[in-house]
4 protein chains.
Amino acid sequence: MKTEKPKYKQIIDAAVITIAEKGYHQCQVSKIAKQAGVADGTIYLYFKNKEDILISVFREKLRQFVDSLDGVIKEKKTASEKLLLLIENHFRILSEDSQLAVLTQLELRQTNKELRRQINEVLKGYLLLIDQIIEEGIKGEEFDRNLDRRLMRQMIFGTIDETVTTWVMNEQKYDLIKLAPKVHDLLINGCGNRSKT
Amino acid sequence: MKTEKPKYKQIIDAAVITIAEKGYHQCQVSKIAKQAGVADGTIYLYFKNKEDILISVFREKLRQFVDSLDGVIKEKKTASEKLLLLIENHFRILSEDSQLAVLTQLELRQTNKELRRQINEVLKGYLLLIDQIIEEGIKGEEFDRNLDRRLMRQMIFGTIDETVTTWVMNEQKYDLIKLAPKVHDLLINGCGNRSKT
Amino acid sequence: MKTEKPKYKQIIDAAVITIAEKGYHQCQVSKIAKQAGVADGTIYLYFKNKEDILISVFREKLRQFVDSLDGVIKEKKTASEKLLLLIENHFRILSEDSQLAVLTQLELRQTNKELRRQINEVLKGYLLLIDQIIEEGIKGEEFDRNLDRRLMRQMIFGTIDETVTTWVMNEQKYDLIKLAPKVHDLLINGCGNRSKT
Amino acid sequence: MKTEKPKYKQIIDAAVITIAEKGYHQCQVSKIAKQAGVADGTIYLYFKNKEDILISVFREKLRQFVDSLDGVIKEKKTASEKLLLLIENHFRILSEDSQLAVLTQLELRQTNKELRRQINEVLKGYLLLIDQIIEEGIKGEEFDRNLDRRLMRQMIFGTIDETVTTWVMNEQKYDLIKLAPKVHDLLINGCGNRSKT
DNA sequence: TATGAATGAGAATTCATTCAT
DNA sequence: GATGAATGAATTCTCATTCAT
């Protein structure tokens with residue numbers, strides 16, 4: 001009894017499960033409540049509204065995500081190594097939680113502009129990590145100083161994201177983690193022929 | 001009596017405008033009908049249901065998109081040049097039709113898994129174009145033969161898509177088209193420092 | 001070409017088939033038109049509206065019904081024999097046209113009060129036949145003169161109708177015509193024990 | 001604060017009134033809700049859908065009907081007396097509730113085959129009562145043992161039902177209850193001339 | 001805190017009917 | 001007479017949210 005998970009976390013966990021199962025729009029608040037083992041009304045003691053559940057779920061998960069990356073990346077490494085670690089971790093976390101993968105790649109997108117804006121706000125924490133790596137890469141002369149930093153970040157994030165989405169749309173049939181080094185290589189060196197003089 | 005636009009096209013055009021304005025979920029079929037200047041019921045002579053309107057809009061627009069690219073790309077050029085043309089055209093078309101940009105980057109994603117699958121089906125026409133360029137690039141030794149073709153495509157598409165989405169989320173404040181050469185350079189050469197021996 | 005069925009009859013026939021198949025409310029005017037091989041609009045050259053089709057179908061069929069009975073009953077017979085003939089014919093006609101049976105016993109009832117009134121109006125032609133038989137029966141001292149004529153008619157029609165409805169609801173699984181003599185016997189002699197002194 | 005009628009009953013009562021007034025197809029769920037003094041959505045906490053309201057109304061009313069008859073008939077009486085009681089009660093209940101009469105004789109029939117089947121299922125409770133009386137009548141040698149029991153039941157129910165329907169179609173202008181003994185006599189003795197040797 | 005019964009706004013779709021050709 | 005494309009009115013049911021207990 002005493003050690004019962006606080007209701008907030010119960011609801012977050014229930015939401016991840018329920019949304020991944022039924023999709024955001026098909027997932028009724030009452031289903032989340034049932035899954036969490038609380039009354040419908042209780043949800044509203046912890047969340048402002050349904051959207052707030054979704055954004056909170058995402059915030060919560062991304063925090064764990066960033067925290068775990070943060071630690072890993074802090075270790076002394078080159079920017080390129082850090083980038084590889086980031087990609088690997090990104091792929092690993094979603095590989096290990098297929099419901100979370102569905103949620104981030106599919107369900108989270110099925111939301112209106114305002115909610116997307118909030119999601120992007122939360123996402124900034126992650127993008128900042130990428131920015132740090134880029135900054136380090138440039139300072140350490142690993143990355144090209146003449147490139148547009150924002151575009152670099154968009155390439156890195158866009159490529160990672162597209163890779164995961166494709167994998168989710170393909171029912172997560174193949175090993176995502178194995179792709180990390182190749183994706184990393186592509187991001188660092190591009191598609192161009194390196195052997196060409 | 002002028003040759004009135006066929007109703008089908010009228011409705012497609014009205015849908016782009018109305019959906020971009022109000023968002024897919026906020027946009028009632030009756031609003032589309034009004035914008036198109038037809039009765040509500042008429043919509044259902046041309047489309048199976050509301051989802052069918054959305055998917056048809058996308059199919060129609062993507063067809064124009066691919067057709068226009070197709071012509072441009074057919075001209076004798078290197079794969080790298082073709083890639084640049086593809087990026088430029090992608091950016092230009094969405095720059096010139098801001099409503100279409102909102103539709104493809106935001107509204108089209110707010111749909112359920114089944115509809116997403118249909119959209120991806122339509123999208124394949126475009127991805128095939130990218131695949132062709134990649135194939136040519138490898139054959140012409142412009143692109144590295146050892147790279148995973150699917151990942152290359154995902155990087156190219158993911159980067160372009162993310163770049164456009166960011167631009168749309170930023171209210172289309174800056175010049176997207178100008179970014180094309182830089183994006184192209186990034187895709188070909190990656191983030192890595194090229195001056196490094 | 002010349003001997004093509006007049007459209008009116010074509011539509012009536014199509015209506016019987018289509019209504020029996022799909023039910024009155026599920027049967028769209030356009031389906032009747034298709035079945036009849038005419039355009040939707042053509043229906044409205046021959047009928048005022050959808051209800052008018054139904055009532056016309058019923059009127060047409062009942063006319064044939066009454067006509068055929070009329071001839072049969074005119075032959076010199078006792079009232080009791082005529083009643084048996086009426087029952088037999090009623091059962092036979094509906095046995096031979098299962099679609100018509102569904103129409104009269106189920107579909108025709110699924111209509112609003114006003115339409116029911118019109119149907120009853122048409123039905124009067126049939127009820128008059130019963131009344132004639134009752135009148136003859138009383139005059140010929142076959143039927144009890146002290147009984148309420150209207151109630152007799154309601155018993156006769158109610159019993160026949162309920163018998164047919166039960167048979168239709170039972171998917172027309174048994175031989176309806178065979179029941180005619182027993183129904184006739186019941187109507188003439190009632191349920192009471194006749195051997196009782 | 002009085003013990004407010006449970007919502008279920010409130011809605012049932014409201015449905016009888018509203019359907020009798022406007023007819024089943026003209027009667028919107030929102031009208032029933034209004035009449036019942038509840039919100040539209042509340043209806044769906046107690047009923048699956050609109051059809052379910054109708055079938056529930058009928059089930060509820062028939063239960064009262066059968067219960068009241070059951071008590072009356074249990075008293076020691078001959079089968080013939082019981083039949084008379086059944087007819088009288090049937091007529092009385094519908095006489096006393098003219099809205100219920102309209103509902104059972106007109107509105108309840110305006111429904112599709114599936115719903116009719118459900119209604120018949122409910123009706124079986126009543127038909128079983130008739131069957132019991134018939135059985136007793138035969139055992140007690142009041143009714144003729146050679147007659148088909150199902151046909152007897154159909155005659156009894158068909159005659160009662162037709163009598164009530166005619167009365168309803170005639171705007172309930174005359175005294176239905178008074179007809180009970182005559183209907184009873186007809187059912188027991190038939191139309192035939194009893195004085196005939 | 002927690003409950004869960006009650007609320008009520010909101011929208012896609014059908015199909016009988018019309019009328020310009 | 002015949003067509004059939006176009007019309008547009010009309011209604012059930014869902015589900016996020018509230019609030020009395």
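These values consider heavy atoms only, across backbone and side chains, with no hydrogens, waters or symmetry-generated copies. Per chain, numbering begins at 1; letters A, B, ... match sequence-line order.
Spacing between atom CD of B/Gln26 and atom P of E/dA9 amounts to 17 Å, rounded to whole angstrom units. In this structure, CD1 of D/Ile11 is placed 11 Å from C1' of E/dA6, rounded to the nearest angstrom. The nearest whole Å value for the distance from the NZ atom in B/Lys22 to the P atom in E/dA12 is 11 Å. In this structure, the CD1 atom of D/Ile43 is 16 Å from the C1' atom of F/dC15, given to the nearest Å. Rounded to whole Å, the distance from NZ on D/Lys7 to P on E/dG4 is 17 Å. For the pair B/Lys31 NZ and E/dA12 P, the computed distance is 11 Å after rounding to whole Å. With rounding to whole Å, A/Asp40 atom CG is found 14 Å from F/dT14 atom C1'. Atom P of nucleotide E/dA12 and atom CD of B/Glu51 are separated by 12 Å, given to the nearest angstrom.
Considering only the side chain of C/Val38, F/dT3 comes nearest among F/dT3, E/dT7, F/dT12. Checked against E/dA2, E/dA16, F/dA6, the side chain of C/Lys50 finds its nearest nucleotide in E/dA16. In the set E/dA16, F/dC13, E/dT3, the nucleotide with an atom closest to the side chain of D/Asn49 is F/dC13. Ranking F/dT3, E/dT3, E/dA12 by closeness to the A/Ala39 side chain, first place goes to E/dT3.
In this model, no donor atom of one side chain and acceptor atom of the other lie less than 3.5 Å apart for D/Gln35 and D/Thr18.
Mapping A/Lys48 and D/Ser30 onto DNA chain F by nearest heavy atom places D/Ser30 at the nucleotide closer to the 5' end. Both A/Leu45 and C/His25 sit near DNA chain E, but only A/Leu45 has its closest nucleotide nearer the 5' end. Ranked by how close their nearest DNA chain F nucleotide is to the 5' end, B/Gly41 and C/Gly37 are led by C/Gly37.
Atom CD1 in C/Ile17 sits 12.0 Å away from atom CD1 in C/Ile12 (nearest 0.5 Å). Atom OG1 in A/Thr104 sits 5.0 Å away from atom CG in A/Leu94 (nearest 0.5 Å).
With a 6.0 Å cutoff to the six-membered ring centre and a 45° limit on the axis angle, D/Lys50 does not count as a cation-pi contact of D/Tyr44.
No salt bridge links B/Asp67 with B/Arg63; every basic N to acidic carboxylate O contact stays at or beyond 4.0 Å.
A donor-acceptor pair under 3.5 Å is absent between the side-chain atoms of D/Asn120 and the main chain of D/Leu123, judged by distance alone.
The side-chain contact (heavy atoms from CB on, under 4.5 Å) test applied to D/Val16 returns D/Val57, D/Lys61, D/Gln99, not counting sequence neighbours.
Proximity of A/Tyr46 to the phosphate of E/dT1: no side-chain N or O atom is located under 4.0 Å from OP1 or OP2. Between B/Tyr44 and E/dC15 there is no side-chain polar atom (N or O) within less than 4.0 angstrom of OP1 or OP2.
Separation of the C1' atoms belonging to F/dT21 and E/dT1 is 13 Å when rounded to the nearest angstrom.
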Structure string for DNA chain E in dot-bracket form, Watson-Crick and G-U at under 3.5 Å, | interchain: .||||||||||||||||||||

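Between A/Tyr46 and A/Tyr8, the two ring planes are tilted [angle within 30° to 60°].
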